[in-house]
Amino acid sequence: MSKIEKKPLVAAIVGPTATGKTDAAVSLCLALGGEAISMDSMQIYQRLTIGTAKPTPEEMRGVPHHLLSFVPPDTPYTVQEYQRDARAKMTDVLARGNLPVFVGGTGLYLQAVSRPLNFAQAGETSTVRECLQHEAETSGGPEALHCRLASVDPETAARLHVNDIRRVIRALEVYETTGTPMSAGRTEWDADSAEDWAIFALSWPREVLYTRINQRVDIMLQRGLLNEVESLLRSGLSPETQAMRAIGYQEFVAYFQGHCTLEDAVGRVKMNSRRYAKRQMTWFRRDARVQWISLDQYNEPEAVHQAIIGRVRTLQEERQ
RNA sequence: GCCUUGGUAGCUCAGUCGGUAGAGCAGUAGACUGAAAAUCUACGUGUCGGUGGUUCAAUUCCGCCCCAAGGCA
């Protein structure tokens, strides 16, 4: 009997959009006594239902789901909040003796919850941000901002491209509201976590994936995505909010504002979804912990689910 | 049937006063540590519709053919 310290086992189902993550996660939960924790930056929002492909009660099949629809659509939400909320949910699920099953496609959220990344407390950033944004557009442009960052936080400035204004501004905000540079206390990406993570990424060949994405957008429209967007706008929600920048929303906002035809908007939702899926692939390919599941090697979803369940069960047995 | 205008990258098109060609979009790859469905970076060879001719050399000029759009009958 070796006295290996036992870390709790945590599972995650990731991968690009439209691969059947939800279904796989629910099956895993049902088989092994798990609870699902969403890892999706847009499904957190209330009233963004159809366009975010939020799981329906039927799809949940009685399995508890956490971190869905708990933020009002006009409220910003950040990675460090997700880290805090998700780790709290994970702890709860473990305390109940259940298996936490994270499910979603937001790569940064996976890092935040599964790596010991340090986020120090920051103050109110909105006014600072407005100032900096204004500055980027007028006076010195992106170069001036980048220069300024280099003088207070050379390490972060060195790894950010001058044109990546968003990140440059974020780094400056952190410095100005906390007084310490973002690079202070920075953790390595591959730092060990306090849990053992079994991460599965679902993937289709590119051509199949793109066909599925296009079809899914058509289905969302049939389910009433246009009405959903229109009703959000009618209730006074600003198109500038984080929630309305989601794919499937920003494009139809442009349509309702008369900037493009419906056909153009639908085409751009499909295009942006394809690009997003590609970025998701890039993100998960980089993570050495990820076990890839090639869906074209299985005849039916049930076989995929059984394969994942089998692997997790083996891990559970190994640690007993 | 005749006339006109087109046919060049996956798409929309530019261009070569004759020396085998380049933009935008799409696409591909990558980055990502306090907004992430966000944000940013890099990457451009294709029988220049087909076929004959002129020429040292034709995608470019000329002939014929095919296809598309418009006009006339």
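For the numbers below, each heavy atom of this structure counts, side chains included, while hydrogens, waters and symmetry mates do not. Below, chains carry the letters A, B, ... as their sequence lines are ordered, and counting in each starts from 1.
- Nucleotides B:C62 and B:C25 are separated by 36 Å at their C1' atoms, to the nearest Å.
- In this structure, A:Arg245 reaches the B:U39 phosphate: one of its side-chain N or O atoms is under 4.0 Å from OP1 or OP2.
- Neither OP1 nor OP2 of B:A36 sits under 4.0 Å from any side-chain N or O of A:Arg166.
- The nearest whole Å value for the distance from the CZ atom in A:Arg286 to the P atom in B:A29 is 16 Å.
- You'll find that the side chain of A:Met271 is closest to B:G27, out of B:G27, B:A29, B:C40.
- Using a 4.0 Å heavy-atom cutoff across all strands shown, A:Gln250 reaches sugar-phosphate atoms only and no base atom.
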Every protein N/O within reach of nucleotides 41-43 of chain B N/O, cut-off under 3.5 Å:
residue: B:U41; atom: OP1; partner: A:Asn163; partner atom: ND2; Å: 2.6

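- Protein atom CZ of A:Arg274 is 12 Å distant from nucleotide atom C1' of B:C11, rounded to whole Å.
- Using a 4.0 Å heavy-atom cutoff across all strands shown, A:Gly51 reaches at least one base atom of the nucleic acid.
- Closest non-hydrogen pair, A:Pro154 versus A:Val152, comes out as CD-C, 3.7 Å.
- Atoms CZ (A:Phe284) and P (B:A29) sit 16 Å apart, rounded to a whole Å.
- Between the side chains of A:Glu81 and A:Thr78, a donor-acceptor pair is found at a separation under 3.5 Å.
- Contact check, A:Gln242 against B:A36: a side-chain N or O comes under 4.0 Å of OP1 or OP2.
- Under 4.0 angstrom from either OP1 or OP2 of B:A36 there lies no side-chain N or O belonging to A:Thr106.
- When heavy atoms are screened at a 4.0 angstrom cut-off, A:Arg285 is found touching the sugar-phosphate backbone but no base atom.
- Ring centroid separation for the pair A:Phe284 and A:Trp292 does not come in under the 6.0 Å cut-off.
- Summarising the geometry, the separation between CG on A:Leu117 and P on B:A36 is reported as 15 Å, rounded to the nearest angstrom.
- Across A:Lys6, A:Arg87, A:Lys7, a single residue satisfies salt bridge (Lys or Arg N to Asp or Glu O under 4.0 Å) together with A:Glu195, and that is A:Arg87.
- Following rounding to the nearest Å, A:Asp164 (CG) and B:A38 (P) show an atom-to-atom distance of 13 Å.
- Contact of the A:Pro181 side chain with the A:Glu155 side chain is not registered, since no non-hydrogen atoms from C-beta on lie closer than 4.5 Å.
- Using a 4.0 Å heavy-atom criterion, one finds that A:Tyr109 contacts the sugar-phosphate atoms exclusively.
- At a threshold of 4.0 Å, the pair A:Asp190-A:Arg289 does not count as salt-bridged, since none of the basic side-chain nitrogens sits closer than that to a carboxylate oxygen.
- Between A:Tyr82 and A:Tyr109, the angle of the ring planes stays under 30°, which puts this pair in the parallel group of the 30/60° scheme.
- With P as the reference atom, B:G44 and B:C32 are 23 Å apart, rounded to whole Å.
- The residue among A:Glu188 and A:Tyr249 whose nearest nucleotide of RNA chain B is located toward the 5' end is A:Glu188.
- For the OP1/OP2 pair of B:G27 and a distance below 4.0 Å, the side-chain nitrogens and oxygens of A:Arg206 include no atom meeting the criterion.
- In this structure, the NZ atom of A:Lys278 is 16 Å from the C1' atom of B:A36, given to the nearest Å.
- The shortest distance between side-chain heavy atoms of A:Tyr249 and A:Leu232 falls below 4.5 Å.
- When the P atom of B:C40 is taken as reference, atom OH of A:Tyr276 falls 17 Å away, rounded to whole Å.
- Remark: the A:Gln280 side chain and the A:Tyr276 side chain contain an N/O donor-acceptor pair separated by less than 3.5 Å.
- RNA chain B contains the following stems of three or more consecutive Watson-Crick or G-U pairs, with both distances under 3.5 Å: B:1-7 with B:66-72, B:10-13 with B:22-25, B:27-31 with B:39-43, B:49-53 with B:61-65.
- Between A:Arg216 and A:Ser273, the side chains place no donor N or O within less than 3.5 Å of an acceptor N or O (distance only, hydrogens not considered).
- A close approach under 4.0 Å does not occur between any side-chain nitrogen or oxygen of A:Arg279 and OP1 or OP2 of B:U39.
- Taking the side chain of A:Ile247 as heavy atoms from C-beta on, and the options B:A38, B:U28, B:A26, the nearest nucleotide is B:A38.
- Here A:Tyr45 lies out of heavy-atom contact (under 4.0 Å) with every strand.
- Defined by atom type and a distance below 3.5 Å, a donor-acceptor pair is present between the side-chain atoms of A:Gln306 and A:Glu302.
- Judged by closest nucleotide on RNA chain B, A:Met281 is the one of A:Asn118 and A:Met281 placed further toward the 5' end.
- Between A:Gln280 and B:A36 there is no side-chain N or O to OP1 or OP2 distance below 4.0 Å.
- Residue A:Asn272 is out of contact with every strand shown, counting any heavy-atom pair closer than 4.0 Å.
- For A:Glu207 and B:G27, the CD to C1' distance is 13 Å, given to the nearest whole Å.
- Residue A:Thr52 is classed as a base contact, given a heavy-atom separation below 4.0 Å to a base.
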